[in-house]
Amino acid sequence: MNKIEHIGIAVKSLDISIPLFEKLLNTNCYKTESVESEQVNTAFFNTGDNKIELVADLDNEASRGVINKFISKRGEGIHHIAFDVTDIEAEMKRLVAEGFVLLNEKPKKGADNKLVCFLHPKKTNGVLIELCQEIKT
Ligand code: ZN
């Protein structure tokens, strides 16, 4: 894995948290994007070589979304750590051989022009790990 690409933070409301993180990081949110495959809204901030991604459920009122489920169990806060990889399929194969459990069998289209795959936190000390590979166009 090349580096931490971003840290994902689960929030209840992007409307509240975007201005908060703009103040905190002293930089503007450069992109917001809905990710249909995950049913989430995301907002991105550059922090040097790495990024912060805020994630909220698509519908703020949807109590059954994955993010609200996470928040009801653990509160708002760090949701996942994403690592940049060069070849996501090779990395997925390597991790499966090492006994890790993938949450999706095939890479899927994530936010911010990435192919992504998540690892089950039960095999990673409770930390949700995301692999991401830039989609070259
Ligand atoms: Zn992410």
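Sequential numbering from 1 along the given sequence is applied to the chain's residues. Ligands are counted one by one from 1 in listed order, and the atoms in each one are counted from 1 as well.
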Backbone or side-chain N/O/S of [X] under 2.8 Å of the Zn ion (ligand 1):
{"X": "E130", "answer": "yes"}
{"X": "H80", "answer": "yes"}
{"X": "H6", "answer": "yes"}

* Asked: So, are K114 and E5 salt-bridged, with charged N and O less than 4.0 Å apart?
  -> yes
* E53, N/O/S atom nearest the Zn ion (ligand 1) -> OE1
* Test T86 against N2 for side chain to side chain donor-acceptor pair (under 3.5 Å), laying out the working first. => CA-CA 7 Å; T86 311; N2 302 326; 3.1 Å; yes
* Run the side chain to side chain donor-acceptor pair (under 3.5 Å) check on E130 and H6 step by step: do they pass? -> CA-CA 9 Å; E130 175 183 4; H6 64 266; 3.1 Å; yes
* Look at the rings of F21 and F45 and say which category their plane angle falls in: under 30° parallel, 30 to 60° tilted, over 60° perpendicular. => tilted
